[in-house]
**Student:** 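Have a look at this one.
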Amino acid sequence: MSSSKTLIRTLIQNPTRIKSKSQAKQLHAQFIRTQSLSHTSASIVISIYTNLKLLHEALLLFKTLESPPVLAWKSVIRCFTDQSLFSRALASFVEMRASGRCPDHNVFPSVLKSCTMMMDLRLGESVHGCIVRLGMDCDLYTGNALMNMYAKLLGMGSKISVGKVFDEMPQRMSRLGSCCVATESVEPVMNCDEDLEAETCTMPLGIDSVRKVFEVIPRKDVVSYNTIIAGYAQSGMYEDALRLVREMGTTDIKPDAFTLSSVLPIFSEYVDVIKGKEIHGYAIRKGIDADVYIGSSLVDMYAKSARIEDSERVFSHLARRDSISWNSLVAGYVQNGRYNEALRLFRQMVTTKVRPGPVAFSSVIPACAHLATLRLGKQLHGYVLRGGFGSNIFISSSLVDMYSKCGNINAARKIFDRMNVHDEVSWTAIIMGYALHGHGHEAVSLFEEMKEQGVKPNKVAFVAVLTACSHVGLVDEAWGYFNSMTKVYGLNQELEHYAAVADLLGRAGKLEEAYDFISKMRVEPTGSVWSTLLSSCSVHKNLELAEKVSEKIFSIDSENMGAYVLMCNMYASNGRWKEMAKLRLKMRKKGLRKKPACSWIELKNKTHGFVSGDRSHPNMDRINEFLKPVMEQMEKEGYVADTSGVLHDVDEEHKRELLFGHSERLAVAFGIINTEPGTTIRVTKNIRICRDCHVAIKFISKITEREIIVRDNSRFHHFNRGSCSCLDYW
DNA sequence: GTAGGGTTAG
């Protein structure tokens, strides 16, 4: 008997000597056998259980206590937090306070973490009050946890309104990590005060609180610095973040992997690859360059600096890759326009058994949008739904965009309508979708609806609405929107907005006005702004202005292929063969070659490409066999080949043949002969659809009774029953 | 008690 009492005493004095579940249970049994299980000893056993993460055993014993001591409460609360049972941790804390027990500094870090994960700012603040009253705000761990809470719950976004903090809760939730899912009650306690409704602060709300806590902590450690640096970095206060990193250099606290991976995104944002490389070098010297966090930050930093090869190299040297490392490179490919590689890597990621999370989908779906591959886009959509990410606002916005860019505006609208909340990005995606499909009026009314619902349009939204106006010729409306940017929304017009207005004026035939507008822009016009006017000059057959405009283009960009081709076309259609020849000679001297026009169509899991005039396609005979009678029928119905756009200096008969071989016509024909009657044909083209093909496809849609959708590089054309959705305004 | 990747844009 006495020997077992000695044993108990030794174990109680050194509880860490108990390393296994069976040892803990033996100790518990000894207490029961010797009838010495007091409140204090029970608390010690509970703390031993919780240290071994034996929540169930701890709770069984805990429930037998009538008035549990602080040690028992603390252990249970910490264990709940460790197991991601945040709401139960908080409930226990509240209960402990109600029972009159006074918390000590050991319990606050867990409680604050639970408040953070539950996004319960109200409770967190009252805990803070309690901490101050107990004079525990000097405690290092408590202070660090407090800073983290304020940074997470108040510190996101550079300018944030209090009302918005609460609106964004579902998104913030996903950002806090997947462990939220493990709690029993995901519903955050939201006590939104009326007076907190929509006050916009110019400074992120939380960072001020973070700084106050930081200043109170008397002795700071590397975690304190990392927490406040991350807070500044994520609030867009980059200079303050970097200032603190430098300040660390004056102490004996040295930047570690956490510090670096908070700082690297700043240099991504600044596109400062020199500083980024310095950090990379520091990481190598410290021997932490293989860290997964640093690795993905480096991949991202190099990708954002257009050095995707360096991203690939960092990625290939990573010892371990998690889903974020993979996704950083997938996203990097997308950001650099390497869409096929993005899709390839995404596939590789999946075959490597790394489960793509929500972020991976919102990175890769835009690749489908750019490639206009409805087939892959639909597959990803299915994958998204199976993964349970259907209500993620980032993913939904990218799906809206994907469906509209792949030609299915109705599917885009359906997804948009099913979203619970719309932010400026999702609104912009659907508005741009209608704009590209030529439904300018619908786009404009959606823009108005967005404003009515209190969502402030950003600069991209203005690009979308101006594009919508431009595609249907809403000149007055466009001016209104253009001017409201500065007057109502405090947004500066940027190149894209000027370009959209210039495009609008040009399309509307107000060529001189467009010329003046571009000449007086407050931003230096680029070659592409002038190029849109040049194509308007071509559409409205104004050769004189076109020559002026092309000179402007060549003075900015002497190798602008599009301008050469358009000018050649215009000279050709005016019979000015000499000028055309001169221009072509210039092109040849510069070694410029015309980008081949090509079109592609997806059929049965395969993409079929057609290059203008290329007769090598294995189905060429069948295509011609199909086109011949259709062309004859077209001519009976009044089709006359418009050969004015044909560049080549050849006779009329030959020109007709050349038009015959245009890539979009081949792709449409191929689609029709390889699908069931009535199937919609979707064709994508790399440059603007040709004028004659536009007429021809209208006839083809009528004769074959097919809906034909052609996406060129600027918009969609829906051909149906002999007419096009653009109503020939393009 | 701390860190990394994401949606809309001629």
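What's counted below: heavy atoms across the whole structure, side chains too, no hydrogens, waters or symmetry copies. What you see is a predicted model; the values in this text were computed from it and never measured. A, B, ... follow the sequence lines: proteins, then strands. Residue 1 opens every chain.
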**Student:** Is there a donor and acceptor pair, one atom on the side chain of A:Ser261 and one on the base of B:dA3, closer than 3.5 Å?
**Tutor:**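 Answer is yes: a donor-acceptor pair is held.
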**Student:** I need the minimum non-hydrogen distance between A:Ala257 and A:Asp291, along with the two atoms involved.
**Tutor:**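 That would be CB-OD2, 3.8 Å.
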**Student:** Hey, could you give me each pair passing salt bridge (charged side-chain N to carboxylate O under 4.0 Å, His left out) that has a residue in residues 459-473 of chain A? Not counting sequence neighbours.
**Tutor:**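 Found A:Lys459-A:Glu494.
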**Student:** Grab the CG-P distance between A:Asn336 and B:dG6 for me, whole Å please.
**Tutor:**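 Computing the A:Asn336:CG to B:dG6:P distance gives 12 Å.
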**Student:** So if I take residues 361-368 of chain A and measure heavy-atom distances to DNA chain B, which residues fall below 4.0 Å?
**Tutor:**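 A:Ser362, A:Ser363, A:Pro366, in order of number.
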**Student:** Whole-Å distance between B:dA3 P and A:Asp300 CG?
**Tutor:**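 To the nearest whole Å, that distance equals 17 Å.
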**Student:** I'd like to know if A:Asn392 reaches the base of B:dG6 with its side chain such that a donor and an acceptor end up less than 3.5 angstrom apart.
**Tutor:**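 Pair found.
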**Student:** Nearest to the side chain of A:Ser323 - B:dG5, B:dT7, B:dG4?
**Tutor:**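 So the side chain of A:Ser323 is nearest to B:dG5.
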**Student:** Report yes or no: is there a donor-acceptor pair, N or O only, under 3.5 Å between the side chain of A:Ser398 and the base of B:dT7?
**Tutor:**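 Under the 3.5 Å cut-off, the side chain and the base do not form any donor-acceptor pair.
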**Student:** Nearest whole angstrom, please: distance from the C1' of B:dG4 to the NZ of A:Lys304.
**Tutor:**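 Atom-to-atom, A:Lys304 to B:dG4, this comes out as 10 Å.
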**Student:** Could you work out, with ring-ring contact (aromatic ring centres under 6.0 Å, His included) as the rule, every residue matching A:Tyr282, not counting sequence neighbours?
**Tutor:**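 A:Tyr282 satisfies ring-ring contact (aromatic ring centres under 6.0 Å, His included) with no residue once adjacent residues are dropped.
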**Student:** Please determine whether a side-chain nitrogen or oxygen atom of A:Lys152 lies at a distance below 4.0 Å from atom OP1 or OP2 of B:dA3.
**Tutor:**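 Indeed, a polar side-chain atom of A:Lys152 lies that close.
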**Student:** For A:Phe258 and B:dT2, say yes or no: do the ring centres fall under 5.5 Å of each other while the ring planes differ by less than 30°?
**Tutor:**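 Here the ring of A:Phe258 and the base of B:dT2 are stacked, with centres under 5.5 Å and planes under 30°.
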**Student:** Enumerate donor-acceptor pairs with a distance under 3.5 Å from any side-chain N or O in residues 501-508 of chain A to protein atoms, sequence neighbours excluded.
**Tutor:**
residue	atom	partner	partner atom	Å
A:Asp503	OD1	A:Arg507	NE	3.4
A:Asp503	OD2	A:Ser470	OG	3.0
A:Asp503	OD2	A:Arg507	NE	2.9
A:Asp503	OD2	A:Arg507	NH2	3.1
A:Arg507	NE	A:Ser470	OG	3.2

**Student:** Kindly point out which of B:dT8, B:dT7, B:dT2 is positioned nearest to the side chain of A:Asn226?
**Tutor:**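 Within the option list, the nearest is B:dT2.
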**Student:** Check ring-ring contact (aromatic ring centres under 6.0 Å, His included) between A:Trp326 and all other residues, then give those that pass, not counting sequence neighbours.
**Tutor:**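 Result, ring-ring contact (aromatic ring centres under 6.0 Å, His included) vs A:Trp326: A:Phe315.
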**Student:** Using a distance-only criterion (donor-acceptor N/O pair, under 3.5 Å, no hydrogens), is the base of B:dG10 paired with the side chain of A:Asn713?
**Tutor:**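 Checked by distance alone, the answer is no.
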**Student:** Show me the pairs that pass side-chain hydrogen bond (donor to acceptor under 3.5 Å, both in side chains) and involve residues 216-229 of chain A, at least two apart or across chains.
**Tutor:**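 Every side-chain hydrogen bond (donor to acceptor under 3.5 Å, both in side chains) pair that includes a residue of residues 216-229 of chain A, provided the two are not neighbours, is A:Asn144-A:Asp221, A:Asn144-A:Ser224, A:Asp221-A:Ser224, A:Tyr225-A:Glu247, A:Asn226-A:Asp256, A:Asn226-A:Thr259.
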**Student:** Would you please confirm or rule out a distance under 4.0 Å between OP1 or OP2 of B:dG4 and any side-chain N or O of A:Gln234?
**Tutor:**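 Indeed, a polar side-chain atom of A:Gln234 lies that close.
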